[in-house]
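Read the structure below first, then the notes.
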Amino acid sequence: MLSKPNGSTTNHEKVISVAVNVPLRRLFEYRLAADYPIPPQVGQRVTVPFGKQTKTGVILAISSFEDYHGDLPVEKLKFITSILDEQSLFGPSLLKLYQWMEKYYHAPPGEIWQTILPSELAKGKPAERSRDSIWQITQQGREALAGNQVAKNAIKQKLTLAKLNENRHGILHSRLADYDIQYTTLKTLAGKNWVLRDFIDALPIAHDQITNLPNNLVLTEQQTKAIQAISQSLEQYQTFLLFGVTASGKTEVYLRLIEQVILQGKQALVLVPEIGLTPQTLKRFKDRFNVNIVVLHSGLTDQQRLQNWLQAKSGDAQIIIGTRSALFSELFSPGIIIIDEEHDQSFRQQQGFRYSARDVAMVRASFENIPVVLGSASPSLESLINVDKNKVRRLDLTEKAQSQTDVKFRIIDLKKQSLINGLSRDLIAGIRHHLDAKSQVLLFLNRRGYAPVLLCHECGWSSLCQRCDIHYTYHHQSHYLQCHHCGSNRKAPTQCPQCQSEQVVPVGLGTERLAEAVTALFPDAKIARIDRDTTRRKSAMNDYVDAIKGGEIDILIGTQMLAKGHHFPNVTLVGLIDMDGALYSADFRAPEYAAQLITQVSGRTGRSSKAGEVIIQTHHSDHPMLSQIIHSGYATFAESAIEERVEAELPPHSFAAMFQAEAPFVDPVKTFLQDTKQILDRYSNLKVELLGPCPALYTKKAGKFRYQLFLQSVNRNQLHQLLSLTMNDIESLASAKKVRWRVEIDPVGDS
DNA sequence: AGCACGCCGACT
DNA sequence: GTCGGCGTGCTC
């Protein structure tokens, strides 16, 4: 450091703390030359030398050269290669949210930023809006269209010209997909001077009227009350739980609130469970609002994601609809966050940095001073317990907004019944009855493939995946064995590998076999199987949905995918083929999930004037959850479930964290978790209970052994205190380097 | 996570 | 002799 004779420093060099994407719970310090042309700011991205490589990181702290007190002498620090952004990419509330997540989830900074940043930005690409352009029809084009000059077989060209002719102001290049126009067609047309492309700098948004209210729409009293309650809170943080039965008009409540938000010049962020539901939601919103709506989900290309993210950031997008990670879009003027189907599991990230978008959304909203609306017909116990604690305000929609008949439930006790491929006589009769009435039937079975086991009838050999120690699922059509755990697969044997017997038989029931059985029973019915295997193709799901709505399908057979969000007005019977697994599982949350599932699938039926029926097949017909759901509804079930959790001191009444470790051998895994436990045990003054190490539910996965150590406490602060106090020591454990490990806060399920 | 360094086995 | 296996250690 240089000093002037009078003692004041001349060195304005800075020391910059950077989050780099490595699995280390620390930042890295760099020097920044005093004459660097861009002033450093927290929230800018930088490129930095890192070992022998160059990485992109995010500035998280700036200190003066003189004030730096690290382990390394300041001269030994490397220089930042470059600052990538002129200004911080993030406003103060997202930076604060990052800080909160780091503290709460005890995750490495770099991993958190990897989740927050769109991948293009994480890779160091410039945060630049691509220039948009407008396609317009020319006078020649109009004449060509009118004078039938377009070649007869050039149907696409004709359609495209017609669409451009309808849109007087032209169509934005970035919006071509909305109009189903191909770029190649436009290029051909441009060659004939029938269309013209104009490059523009900003999005033209000028609408006199932002909403198109549907005709004759009368709100229910409850809807009106809910809208009023939330409206009064638009300028401040408050989480609302919109507990609305199916068809009670939750979406209409969202739309009215969004309208107010937009009129105030603010933006609305809407999270939906999965990509499959974005087109549907998008359409509903587009029909209603003449504003710029963007989507953010994994179905987009990286460049599209970046562009939409930047539109949210600049404020050019007034409504942002997306899945989980859309929560992290920077917003120019946030007005409201809406989480639809808030109970849905897909709001939890289960890879890498594990977080709950619902929980983080509430924190974010509190930093932004805006409301959050959590909507569901079957709310999570977490949200309901937050209502009891006055952290969340509950608004009920119990009346149906659309005319709809009530759903009739029937439980079929499978004990001592003879089944035809998993179907009871009553269910078969029910299907026939509904088909005769020209209605559609939905059969739900949460297990894809033909059969979960392939077994040798002679010697008892069964098809085990060596890497996971669980049974391969048999897929009949492809004649393959597939491990649904690790994804490995191999050809199915026709002879027993052990005794060469030909008596190798599939045991158990999957959707593929169910479809086969139903086809045999109802040869005249048109049957569609909808699961991950049949919807792999990109547009497959949409094609199925169209076919179902168009009445081309009589019986739908499917997994989880069918339970979510879609409205099939002509479905009047829903059959739940096998509820046993869902009722009794090692996971204490199983009944909660099953109750949500029943509520959701039963929402698929009875949407029209015809009466809806739900038939549940189970061996545990006396399970209390079933009668609660059927006779008193989800709310009553949830109340008693919460009571049970309180009594057993289980989450969400208590708070949990989990260390999970995995490696190709058991010993290092156990050693690491035992070492971890020892470190945690040093703070026995904190009221945190330690459970384990114990094997994970599926101990072996993809050739790795997995063990867990649970931390549980009724005092969330003490739990976090314990983790904060011990994390460094655990991370620097010698045994930590021999395994892959992570902490999960508020863990759920296994995986 | 990457990437380099380093120390032992089977190859031209 | 040396090519390359992955164990260990470091990243500012």
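Chain A is the first sequence line, chain B the second, and so forth, proteins listed ahead of strands; every chain is numbered from 1. Atom set for the values below is all heavy atoms of this structure, side chains included, hydrogens, waters and symmetry mates excluded.
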Practice item. Test A/R305 against every option in A/S329, A/S119, A/S325 by the side chain to side chain donor-acceptor pair (under 3.5 Å) rule and name the one that passes. Key: A/S325
Practice item. Starting from P on C/dC10, measure out to NZ on A/K76 and report it in whole angstrom. Key: 15 Å
Exercise for review: Can you check whether any acceptor in the base of C/dC12 is under 3.5 Å from a donor in the side chain of A/R26, or vice versa?
Suggested key: yes
Practice item. Taking atom types as modelled, find out whether A/E592 and A/Q596 have a side-chain donor-acceptor pair closer than 3.5 angstrom. Key: yes
Point to revise | Outermost DNA chain B nucleotides near chain A [under 4.0 Å, heavy atoms] | key: B/dA1 to B/dA4
Exercise for review: Using a 4.0 Å heavy-atom cut-off across all strands, classify A/L24 as base, sugar-phosphate, or nothing.
Suggested key: base
**Study point:** Salt-bridge present (A/D302, A/K123; N to O < 4.0 Å)
**Key:** yes
Check your understanding: Taking the six-membered ring for Trp, are the ring centroids of A/F705 and A/Y707 within less than 6.0 Å of each other?
Key -> no
Exercise for review: Examine the side chains of A/D746 and A/Y104 and answer whether a donor and an acceptor come within less than 3.5 Å of each other.
Suggested key: yes
Study note, to complete from the structure: Numerically ordered, the residues 38-51 of chain A set in heavy-atom contact under 4.0 Å with DNA chain C is A/P49, A/F50, A/G51
Practice item. Rounded off to whole Å, could you give me the CZ-to-P distance for the A/R740 and C/dG7 pair? Key: 16 Å
Check your understanding: Atom CZ of A/R25 to atom P of C/dT11: distance rounded to whole Å?
Key -> 19 Å
Check your understanding: Is A/K125 salt-bridged to A/E120, cutoff N-O under 4.0 Å?
Key -> yes
Review point. Hey, do the aromatic rings of A/H475 and A/H484 have their centres closer than 6.0 Å?
Key: yes
Review point. Which residue, A/D533, A/D531, A/T534, forms the side chain to side chain donor-acceptor pair (under 3.5 Å) with A/R448?
Key: A/D533
Check your understanding: With ring centroids as reference points, do A/F79 and A/Y30 lie under 6.0 angstrom apart?
Key -> no
Point to revise | Between P of C/dC10 and CG of A/L72, the distance in whole Å | key: 13 Å
Point to revise | Gap between atoms NE2 and C1', on A/H69 and C/dC12 respectively (whole Å) | key: 17 Å
Point to revise | Protein-nucleotide distance (A/K55, atom NZ; C/dC10, atom P), rounded to Å | key: 18 Å
Check your understanding: To the nearest Å, how far apart are A/K52 NZ and C/dG9 C1'?
Key -> 14 Å
